[in-house]
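We count ligands from 1, going down the list as the structure has it; atoms in each ligand are counted the same way. Position 1 is the first residue of the sequence; numbering continues from there.
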Amino acid sequence: MDDGKPVWAPHPADGFQLGTIVDIGADSLTIEPLKKGKAFVSSLSQVYPAEDDVNKHVEDNCSLMYLNEATLLNNVRVRYSKEKIYTFVANILIAVNPYYDIPKLYSPETIQKYRGRSLGTLPPHVYAIADKAYRDMRVLKMSQSIIVSGESGAGKTENTKFVLRYLTSSYGTGQDIDERIVEANPLLEAFGNAKTVRNNNSSRFGKFVEIHFNEKNTVVGGFVSHYLLEKSRICRQGPEERNYHIFYRLCAGASEEIREKYHLSSPDTFRYLNRGCTRYFASKDSDKQILQNRKSSEVKTAFHGLIRSDSDSLWG
Ligand SMILES: Nc1ncnc2c1ncn2[C@@H]1O[C@H](COP(=O)(O)OP(=O)(O)OP(=O)(O)O)[C@@H](O)[C@H]1O
């Protein structure tokens with residue numbers, strides 16, 4: 001690292017910054033930043049060699065000349081700036097949440113493109129991971145798991161839905177069951193997702209989703225186990241947080257009959273809603289979900305169950 005080539009050294013805000021080594025101590029290095037700034041001392045273990053061209057990016061982090069924390073982050077950052085939110089690390093996929101829709105990224109044509117293609121033959125994508133899991137299941141005749149992890153707001157819920165959409169559209173029977181698996185999500189989210197400070201649609205429960213395939217390897221069903229629902233949210237929410245979506249959707253979009261029957265009005269009039277944020281977050285999606293929730297017989301059943309079990313405290 002001492003041949004005058006740039007290195008990555010710690011930066012208080014950006015994680016790492018580029019610099020060159022100007023002095024070598026016993027277990028520390030003095031670094032001069034490439035951009036303006038004073039030279040600083042950094043521990044040897046926190047300085048990493050940089051790629052020759054830091055603006056070049058690769059689809060798989062394993063193809064980097066130097067694979068370390070700094071080059072991995074830089075590669076993901078350069079890709080993100082070019083709207084490439086997915087990057088492989090061998091058969092692991094890193095996804096960066098863009099917080100806006102990237103045109104055609106999840107279109108039916110893209111689904112079609114990834115069907116049956118080996119990992120690495122097309123740009124990194126959550127569809128590539130879904131397809132690999134499917135092909136491994138066929139070849140190995142063993143169940144496969146996809147683990148989705150990350151901090152709140154990282155995009156776990158959305159990417160899980162893309163996997164479900166991919167498997168049902170590529171390997172479904174084309175019957176009602178495919179849609180039902182995908183359409184279960186708005187229902188689960190109505191009762192288990194809420195606005196938090198970090199995410200307007202935060203899943204407040206754990207979800208284990210199974211997709212069942214028959215001997216011809218087509219989707220025949222699914223099962224969702226849920227666990228650890230954040231129950232305390234029902235009674236109290238932080239000032240910038242909300243209760244579960246279903247309450248606001250009912251206030252905003254219940255039919256006249258239900259509104260009258262259960263005395264529904266603005267969220268501000270309910271003790272278990274008005275101590276948190278009572279704003280609606282309207283979008284094309286939320287409007288669609290309100291309509292879907294209104295139509296869904298499961299929501300009606302669950303809603304009536306809720307009223308019966310706790311009518312005084314919830315709706316007083
Ligand atoms: N691939 C994507 N493209 C566009 N927007 C996205 C994408 N992934 C996530 N988002 C946006 O970011 C928001 C938060 O993502 P998501 O709910 O999936 O995070 P999460 O990791 O499941 O968070 P939590 O742990 O709080 O449930 C989504 O509501 C959506 O608006």
Given that the side chain starts at C-beta and the backbone is N, CA, C, O, which of these parts of [X] lies under 4.0 Å from ligand 1, counting heavy atoms, or is it both or neither?
| X | result |
| --- | --- |
| Phe205 | neither |
| Pro98 | side chain |
| Glu151 | backbone |

Where is the nearest protein heavy atom to [atom]: which residue, which atom, and how far?
| atom | result |
| --- | --- |
| atom 23 (O) of ligand 1 | Gly153 N, 2.8 Å |
| atom 27 (O) of ligand 1 | Ser203 N, 2.7 Å |
| atom 29 (O) of ligand 1 | Glu158 OE2, 4.0 Å |

Just checking, is any N or O donor in the side chain of [X] or [Y] under 3.5 Å from an acceptor N or O on the other one?
| X | Y | answer |
| --- | --- | --- |
| Thr160 | Thr157 | no |
| Asn68 | Thr71 | yes |
| Asn199 | Ser152 | no |

At a 4.0 Å cut-off, with the gap strictly under it, does some heavy atom of Gly150 reach an atom of ligand 1?
->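 No heavy atom of Gly150 comes that close to ligand 1.
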In terms of atom number and element, which parts of ligand 1 are under 4.0 angstrom from non-hydrogen atoms of Ser202?
->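 Per the distance check, 24 (P), 26 (O), 27 (O).
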Relative to the heavy atoms of Asn201, which atoms of ligand 1 are at a distance of less than 4.0 Å?
->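 Reading through ligand 1 atom by atom, the close ones are 17 (O).
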Compare all side-chain heavy atoms of Asp178 with those of Val219 and state whether any distance is below 4.5 angstrom.
->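 Yes, their side chains come closer than 4.5 Å.
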State, yes or no, whether a side-chain contact exists between Leu72 and Ile94 at a heavy-atom distance under 4.5 Å.
-> yes
Strictly under 6.0 Å, is that where the ring centroids of Phe16 and Tyr48 end up?
-> yes
Are Phe191 and Phe205 close enough that their ring centers fall under 6.0 Å?
->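 No.
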Could any protein non-hydrogen atom be found less than 4.0 Å from atom 31 (O) of ligand 1?
->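 When distances to the protein are checked, atom 31 (O) of ligand 1 has no heavy atom within 4.0 Å.
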If you measure every N or O of [X] against every N or O of ligand 1, does any of those distances drop under 3.5 Å?
| X | answer |
| --- | --- |
| Ile85 | no |
| Gly155 | yes |
| Asp101 | no |

Nearest option to atom 20 (P) of ligand 1, as decided by whichever heavy atom of Glu189, Lys156, Lys207 sits closest |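 Checking each option, the heavy atom nearest atom 20 (P) of ligand 1 is found in Lys156.
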Of Asn199, Asn200, Ile102, which has the heavy atom at the shortest distance from atom 14 (C) of ligand 1?
->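 The option holding the nearest heavy atom is Asn199.
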Measure the acute angle between the ring planes of Tyr127 and Tyr166, then classify it against the limits of 30° and 60° as parallel, tilted or perpendicular.
-> parallel
Give a yes/no verdict on a cation-pi contact between Arg165 and Tyr106, requiring under 6.0 Å between NZ or CZ and the six-membered ring centre and an angle within 45° of the axis.
-> no
